[in-house]
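Accompanying notes for the structure given below.
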2 protein chains.
Amino acid sequence: MESTIKDIKRETGLALSTISKYLNGGNVRPENKKKIDEAVRKLDYHPNEMARGLITKKTRTIGFVLYDISGTFGGLLTHYVGDLLRQSGYGMIICDSNNDKSVEEQNIKFLVEKKVDGILVVPVSTDDGFLDVAKRADIPVVTLDRSISGAQLDCVTIDNVAASQSAVEYLIERGHKRIAAIYSEEYTGKHRRDGYRRAMREAGLNVPSEYEYHEKIHSVSLGYNGMNRFLELPVSKQPTAIFMSNYEVALGVVMAINEVGIACPDDISLISFDALTLTLVMKPKMTVMVQPMETIASEAVRILMSRLGEGSQATLQRVLLYASLNEGDSVRDLRIS
Amino acid sequence: MESTIKDIKRETGLALSTISKYLNGGNVRPENKKKIDEAVRKLDYHPNEMARGLITKKTRTIGFVLYDISGTFGGLLTHYVGDLLRQSGYGMIICDSNNDKSVEEQNIKFLVEKKVDGILVVPVSTDDGFLDVAKRADIPVVTLDRSISGAQLDCVTIDNVAASQSAVEYLIERGHKRIAAIYSEEYTGKHRRDGYRRAMREAGLNVPSEYEYHEKIHSVSLGYNGMNRFLELPVSKQPTAIFMSNYEVALGVVMAINEVGIACPDDISLISFDALTLTLVMKPKMTVMVQPMETIASEAVRILMSRLGEGSQATLQRVLLYASLNEGDSVRDLRIS
DNA sequence: ATAAAAAGTAGAAACGTTTCGTTTTCATTT
DNA sequence: AAATGAAAACGAAACGTTTCTACTTTTTAT
């Protein structure tokens, strides 16, 4: 049915080993090169990955484990990563951890059993115990978007603290003093909170506990609930600006202010993370810290690929990227009025 | 390094074939059963999928091709499908078609080369030419969410026409006559438009062309643009209710009405498709037609699995599911006031 | 022109399973 | 106790590659 390398042998009269060598980039005599090329085309030959894998112990498949694929960030990241891997001839097996550490651990096990060549992971867990199975099987792992502190792991992250700090500084520069924050207790959420706090401290502004709202996980309702909480404060104490640590959170905040008829930026200023569909289409256009998603994906893939080659030098590779501010109209300049 | 079936042979003294037979569910003497079980546990043996696949010609991997994974619907569907497949021990290679027919065709080719056992596809294309490669390779294909008319293909869809028809009838029953619709030119968009039109026709209501707004693809801006278009109509002609064919579209519409300070449901009634995060959290709660996403996923996987077994009976399997109305507070009853 | 070196080719073994045809085992019947 | 038949075990071949070693041909240097 399917043509094999033996058919090429029959067609060309060459030895299996010669053909195999050429097909894997080796040198053969020009005449034989031509013969093989012709036979391959004629027979529409494609190497059988299973047979190849049986010997080389490579599956040409990468596992991608991420905390949640149904969110916007996860979906987009998957999109980029999948594209890049396919371009390199790699398949991607994707496993959604559903924000659950034990599911995450199972995912790794599954991928190890599937004998993937490498694993990309946006982790839920904060320590690297769940990766032991992969480590034992000698499968390279690269972490992206989130790193695991203390672990000897290649990773690609953005400087969340610096990014959120400069986002909040942007607010402060425009005269805001009562700035509240909504964030999650996840990796990115906490780091972005730290940046918020640092900016406030360095500006000599204090952060009353009512100005921080957080829940376990980034979600629309986190933003919605947080904003409503702020609105319950006495008017004189209400924040003039809100820093939100994620796209979904921003959606929730916008829903909440629209509901009570508060205008942005006239009554309240907003600054958020991740410029995705909604932040781009809404009016006023949201001012956001934009993560270089494509670069995050491509760097992670690049590092993983470098680990897949022979000379996988032992040096740890940690890439730190920077977010950039995309200015919209959602922040009011209080110095002017 | 990795233990093989030969190690089990050494450990138990049994023949390879006996061990293999038992491992694949065959019968062996109780004593041997025990011996093998013990050795498997002791050596932490896992069958090598490559070696197995080389003989059985099965990769235990399913390809999932979908029109767009970065959208909410695609993300959630991927989540469900991935889960179900993993539970059956199958890996999933996911390919995003990016709403592009030629990418879609390439995706199928890629998966065929990867020798997946089966393919699930939410197609972009409207004819099945792009599946020829898979057909030739004898790889079963199941379509979900969208079917391809005229094609001999297993599929799982919902009755979009009936669903949108009853959504619009719900509006009509509450006294609405000037009902506008926003939809895309994709499969689901067009079907939902048809249901809208049918409901209107059967109620004797006419649909002026200004009451239909459409763009190529479901998106937030489609909703945003559409709603703004309706708002440009002379007040006396403005619709009292809007039917939106998708979640993202609903988001855009809500942004647009919030911007100009129109209240829902007091000034305008809304009804949409797909109850996802935002529609659940916003106030008023949106009235939506809810698709049984999990069932769509599980039925598709079930059908595919049945095709993977030996006796793949030739009968076509087409499953038609129904959406149900999830009543919120976004529709005003005009008969009351 | 010749020897040495380099480049290319060939054949066979190996990878870890499943499967097939044959032989052995064991319980049942005569 | 021997014959029968079904159930279980066995051994070898096969799956489609790569890789290793040995061999042949070509190129280069003398």
Side-chain angles (χ1 to χ4, degrees), chain A residues 1-37 39-40 43-61 89 112-117 137-138 308-310, chain B residues 1-37 39-40 43-61 89 112-117 137-138 308-310:
Chain A
M1 193 102 303
E2 196 96 343
S3 65
T4 79
I5 204 171
K6 281 183 187 162
D7 298 320
I8 309 244
K9 169 191 166 133
R10 190 164 28 71
E11 198 77 15
T12 61
L14 294 167
L16 258 42
S17 48
T18 308
I19 302 167
S20 169
K21 186 184 173 193
Y22 172 58
L23 258 25
N24 289 298
N27 268 330
V28 299
R29 273 196 269 281
E31 51 195 291
N32 293 336
K33 194 175 294 200
K34 216 174 104 188
K35 270 195 210 163
I36 298 176
D37 281 338
V40 165
L43 299 172
D44 187 35
Y45 167 77
H46 299 279
N48 180 318
E49 294 282 355
M50 305 245 102
R52 170 180 281 173
L54 185 55
I55 295 200
T56 61
K57 304 198 179 314
K58 297 269 173 282
T59 53
R60 295 199 141 265
T61 304
V112 171
E113 283 231 358
K114 279 272 166 207
K115 300 212 180 359
V116 294
D117 295 345
D138 216 40
L308 261 34
E310 296 302 292
Chain B
M1 191 101 304
E2 195 94 346
S3 64
T4 77
I5 205 171
K6 279 183 188 162
D7 298 319
I8 308 247
K9 168 191 168 132
R10 189 165 28 70
E11 198 76 16
T12 60
L14 294 167
L16 260 42
S17 45
T18 308
I19 302 167
S20 169
K21 185 185 172 193
Y22 172 58
L23 259 26
N24 288 298
N27 272 328
V28 298
R29 273 198 269 281
E31 50 194 294
N32 292 336
K33 196 175 290 200
K34 216 174 104 187
K35 273 196 210 162
I36 298 176
D37 281 337
V40 164
L43 300 171
D44 187 36
Y45 168 77
H46 299 280
N48 181 318
E49 293 281 355
M50 305 243 96
R52 171 180 280 174
L54 185 54
I55 294 199
T56 61
K57 304 200 178 315
K58 297 269 172 279
T59 53
R60 294 199 139 263
T61 305
V112 170
E113 284 231 356
K114 278 275 167 207
K115 300 210 181 356
V116 294
D117 295 344
D138 217 38
L308 260 36
E310 297 301 292

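Naming: A, B, ... by sequence-line order, numbering from 1 per chain.
Backbone-only engagement by B:Thr4 is indicated by non-hydrogen atom pairs under 4.0 Å involving sugar-phosphate atoms exclusively. Residue contacts shown for A:Tyr45 are limited to sugar-phosphate atoms, with no base heavy atom under 4.0 Å away.
To the nearest 0.5 Å, atom CG of residue B:Asn27 and atom NZ of residue B:Lys21 are 6.5 Å apart. Rounded to the nearest 0.5 angstrom, B:Asn24 CG and B:Ile19 CD1 are separated by 12.0 Å. Here the CG atom belonging to A:Leu43 is positioned 14.5 Å from the NZ atom belonging to A:Lys6, to the nearest 0.5 angstrom. Separation of atoms CG (B:Leu23) and OG1 (B:Thr18) is listed at 11.5 Å; rounding is to 0.5 Å. Atom CG of B:Leu54 and atom CG of B:Asn48 lie 9.5 Å apart (nearest 0.5 Å).
Side chain of A:Lys114 to main chain of B:Arg60: a donor-acceptor pair is present (N/O by atom type, distance under 3.5 Å, no hydrogens or angles).
Taking atom CG of A:Asn24 as the reference point, atom C1' of D:dC20 lies 15 Å away to the nearest angstrom. We find that OH of B:Tyr22 is positioned 18 Å from C1' of C:dT17, with the value rounded to whole Å. Taking atom NZ of residue A:Lys6 and atom P of nucleotide C:dG11, one finds them 14 Å apart after rounding to whole Å. Residue B:Met50 contributes atom CE, which lies 12 Å from atom P of C:dT17 at whole-angstrom precision. Nucleotide C:dG16 holds its C1' atom 12 Å from the CD1 atom of B:Ile19, rounded to whole Å. The CD atom of A:Glu49 sits 12 Å away from the C1' atom of D:dG16 (whole-angstrom rounding). Regarding B:Lys58, its NZ atom lies at a distance of 15 Å from the C1' atom of C:dT19, rounded to whole Å. The nearest whole Å value for the distance from the CD1 atom in A:Ile5 to the C1' atom in C:dA10 is 13 Å.
Of all non-hydrogen atoms in B:Thr12 and B:Ala39, the two that sit nearest each other are CG2-CB, 3.9 Å.
At a threshold of 4.0 Å, the pair A:Asp37-A:Lys34 does not count as salt-bridged, since none of the basic side-chain nitrogens sits closer than that to a carboxylate oxygen. At a threshold of 4.0 Å, the pair A:Glu2-B:Lys115 counts as salt-bridged, since one of the basic side-chain nitrogens sits closer than that to a carboxylate oxygen.
In the set C:dC15, D:dT17, C:dT18, the nucleotide with an atom closest to the side chain of A:Asn48 is D:dT17.
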Measure all distances between protein nitrogen or oxygen atoms and nitrogen or oxygen atoms of nucleotides 21-24 of chain D, and list the pairs falling under 3.5 Å.
none

Check: protein-nucleotides 4-13 of chain D nitrogen or oxygen pairs below 3.5 Å:
{"unit_1": "D:dA9", "atom_1": "OP1", "unit_2": "B:Arg29", "atom_2": "N", "d": "3.3"}
{"unit_1": "D:dA9", "atom_1": "OP1", "unit_2": "B:Asn32", "atom_2": "ND2", "d": "2.1"}
{"unit_1": "D:dC10", "atom_1": "OP2", "unit_2": "B:Ala15", "atom_2": "N", "d": "2.7"}
{"unit_1": "D:dC10", "atom_1": "OP2", "unit_2": "B:Thr18", "atom_2": "OG1", "d": "3.3"}
{"unit_1": "D:dG11", "atom_1": "N7", "unit_2": "B:Ser17", "atom_2": "OG", "d": "3.3"}
{"unit_1": "D:dG11", "atom_1": "O6", "unit_2": "B:Ser17", "atom_2": "OG", "d": "2.8"}

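Taking side-chain N and O atoms only, B:Thr56 has no distance below 4.0 Å to OP1 or OP2 of C:dT18. In this model, the phosphate group of D:dG16 is approached by a side-chain N or O of B:Lys57 to a distance below 4.0 Å at OP1 or OP2.
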